[in-house]
**Student:** 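I'd like to ask some things about the structure below.
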Number of protein chains: 2
Amino acid sequence: MMATEEQQFLEDYEPKEYPSVALTVDLVVFAVTDSVLHAVFIRRGGRPFRGALALPGGFVKPDEDALHAAWRELEEETGLDLGRHRAHVEQLATYSSPERDPRMRVVSVAHLALLATDSRTLPGLSPGSDASAAHWKPVHEVLADEELAFDHRDILTEALERLAGKIEYTLTAARLVPEEFALYQLRHVYDAVWNSRLDAGNFTRKMTGALTDTGRKVARSKGAPATVFTVKDEYLSPPLVRPAAGAHR
Amino acid sequence: MMATEEQQFLEDYEPKEYPSVALTVDLVVFAVTDSVLHAVFIRRGGRPFRGALALPGGFVKPDEDALHAAWRELEEETGLDLGRHRAHVEQLATYSSPERDPRMRVVSVAHLALLATDSRTLPGLSPGSDASAAHWKPVHEVLADEELAFDHRDILTEALERLAGKIEYTLTAARLVPEEFALYQLRHVYDAVWNSRLDAGNFTRKMTGALTDTGRKVARSKGAPATVFTVKDEYLSPPLVRPAAGAHR
DNA sequence: CGAATAGTGTCTGTGAGACAATATATG
DNA sequence: CATATATTGTCTCACAGACACTATTCG
């Protein structure tokens with residue numbers, strides 16, 4: 001029996017010495033303040049790509065899967081208290097070019113992380129031992145002006161496109177806003193991600209179907225008080241349509 | 001300088017002995033015949049999961065990325081002449097649970113592959129050295145009746161959902177028919193994937209905007225001859241909406 | 001009061017979906 | 001001619017988007 005299994009093993013995995021790689025996760029951590037989409041970056045101190053911006057990340061440990069590693073790194077690298085920020089983490093894509101890290105073969109499973117904010121202040125990054133100066137930066141400015149290490153520009157771009165697409169047909173945008181929120185907060189998330197100015201009236205009508213009215217109101221600096229909502233349905237039907245700016249790739 | 005780099009290396013990659021994994025690709029290969037969606041499976045001869053169906057796959061080599069490995073395995077495991085079938089391959093997701101293969105730590109990057117058919121015959125699988133009895137099976141029947149090895153049921157389900165979602169707003173369905181095709185062929189793809197019966201008239205009107213009329217016609221066994229089209233736009237605007245059956249998840 | 005904002009009302013155009021009508025092929 | 005299919009036409013309903021309007025609050 002044992003011999004059979006061993007034989008079978010060899011049959012399935014022909015090469016006795018199979019290739020092995022180092023497995024990491026990279027994180028695109030998004031949050032929105034004042035209608036501006038921000039992400040967490042780390043300024044690289046050493047080679048390669050010294051001085052460039054990089055995404056937080058780290059190794060996947062032997063006893064965890066990639067998603068678990070992403071959550072752990074999110075906590076370690078950013079020093080965030082994730083319970084307070086109702087984080088959402090999902091897998092994006094895997095980057096496996098043999099040349100993506102000049103030092104060694106590193107395959108990275110990129111993840112998208114969304115943190116809730118009150119629309120005024122970004123989650124505080126209290127640098128832990130790992131966190132070498134992790135800080136928030138406006139995503140669109142970074143993409144326009146900054147050099148990004150490794151293939152992190154590709155990862156960031158893909159993360160942005162994923163988010164922009166996903167909020168069309170889901171209430172994923174609510175992950176970037178407190179559990180109880182006013183419609184203007186949610187609308188600002190859409191504006192930040194889509195670089196748009198959605199009509200407040202139409203937005204109200206289309207969203208309220210998927211939301212629960214708490215009955216409470218919240219005062220703004222000026223104007224009428226806004227109703228406080230919570231999410232009822234995770235999916236939007238019919239979907240919201242992204243206005244012209246780059247709708248198709 | 002050399003010392004600095006070494007020092008920096010250690011700074012970035014703290015653990016001297018970083019964890020390593022075996023990296024593989026798994027393939028979900030789809031094709032459509034007579035309005036039925038099929039996929040390629042391999043009946044497992046040995047443990048674990050003896051007798052269960054598995055997806056084709058294999059190791060990612062040291063000098064290639066996952067997508068390249070997927071193309072290579074598609075050729076090797078199925079013995080297909082890919083040029084003839086205008087294959088489309090894209091990354092799906094990465095499966096990294098430490099227990100997904102009881103023998104060792106294997107991380108797999110799942111890929112979706114689409115093969116074009118003339119709607120009558122499936123691409124012939126000429127088993128190469130690797131291909132231990134790879135064969136086509138109807139996807140919905142397999143999901144209903146068969147045991148699937150490892151986490152391949154999850155992978156297959158995710159592939160199906162990805163395809164079903166993607167053909168809503170792209171002409172990805174055209175990857176499953178010849179380069180020049182009649183509308184009924186394309187419609188049969190939608191019916192196979194969505195398990196639907198789309199109205200032929202409405203389908204014609206919505207599709208023709210994204211297609212180029214070749215001017216030629218093709219005769220059917222009965223009825224009027226159908227116009228032959230090619231793809232003009234890769235994206236559908238406005239998108240096609242999937243009818244009720246399982247629209248949301 | 002004036003300015004700003006929330007939420008509703010209204011109108012118009014587009015298009016989806018159901019189905020009829022017409023044209024074209026086979027046997 | 002009977003039947004099957006492609007393609008176009010027609011009608012109705014839903015809704016998106018633009019924008020006006022009302023209500024509510026702050027200074």
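Just so you know, these numbers come straight off a predicted model, no measurement behind them. Just so it is clear: chains get the letters A, B, ... in the order the sequence lines come, proteins before strands, and each one is counted from 1.
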**Student:** Quick one: does A/L67's side chain get under 4.5 Å of A/Q91's, heavy atoms only?
**Tutor:** no
**Student:** Under 3.5 Å, side chain of B/E75 to main-chain N/O of B/R72, donor-acceptor pair present?
**Tutor:** no
**Student:** Between A/K217 and A/T227, do the side chains contain a donor N or O and an acceptor N or O under 3.5 Å apart?
**Tutor:**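 Distance-only check passes for A/T227 and A/K217.
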**Student:** What's the CZ-P distance between A/R205 and D/dC19, to the nearest Å?
**Tutor:** 14 Å
**Student:** Rounded to the nearest angstrom, tell me the gap between atom NZ in B/K206 and atom C1' in C/dA18.
**Tutor:**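 About 12 Å, once rounded to whole Å.
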**Student:** Test your reading of the model: is there a side-chain donor-acceptor pair from A/D154 to the backbone of A/T157, 3.5 Å cut-off?
**Tutor:**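 Looks like no, no N/O pair under 3.5 Å.
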**Student:** Please state how far atom CE in B/M207 lies from atom P in C/dA16, giving the value in whole angstrom units.
**Tutor:** 11 Å
**Student:** Separation of B/L211 atom CG from D/dT7 atom P, in whole Å?
**Tutor:** 11 Å
**Student:** Of B/P238 and B/D199, whose nearest nucleotide on DNA chain C comes first from the 5' end?
**Tutor:**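 On the 5' side of the pair lies B/P238.
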**Student:** Provide a list of protein-nucleic acid N or O atom pairs under 3.5 angstrom, restricted to nucleotides 3-6 of chain C.
**Tutor:**
unit_1 : atom_1 : unit_2 : atom_2 : d
C/dT5  : O3'    : A/R220 : NH1    : 3.3
C/dT5  : O2     : A/A224 : N      : 3.2
C/dA6  : OP1    : A/R220 : NH1    : 2.8
C/dA6  : OP2    : A/R187 : NH2    : 3.3

**Student:** Would you kindly say whether A/D65 and B/S97 are connected by a side-chain donor-acceptor distance under 3.5 Å?
**Tutor:**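 Distance-only check fails for A/D65 and B/S97.
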**Student:** What is the distance from CG of B/N202 to C1' of D/dG9, rounded to the nearest Å?
**Tutor:**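 Roughly 11 Å, once rounded to whole Å.
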**Student:** Rounded to whole Å, please give me the gap between CZ in B/R216 and C1' in D/dA6.
**Tutor:**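 Taking atom C1' of D/dA6 as the reference, CZ of B/R216 is at 18 Å.
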**Student:** Starting from P on D/dA16, measure out to CG on A/L236 and report it in whole angstrom.
**Tutor:** 11 Å
**Student:** Take the protein atom CG of B/L198 and the nucleotide atom C1' of C/dC19, then report the distance between them rounded to whole Å.
**Tutor:** 16 Å
**Student:** Tell me if the centroids of the rings in B/F203 and B/Y190 come within less than 6.0 Å of each other.
**Tutor:** yes
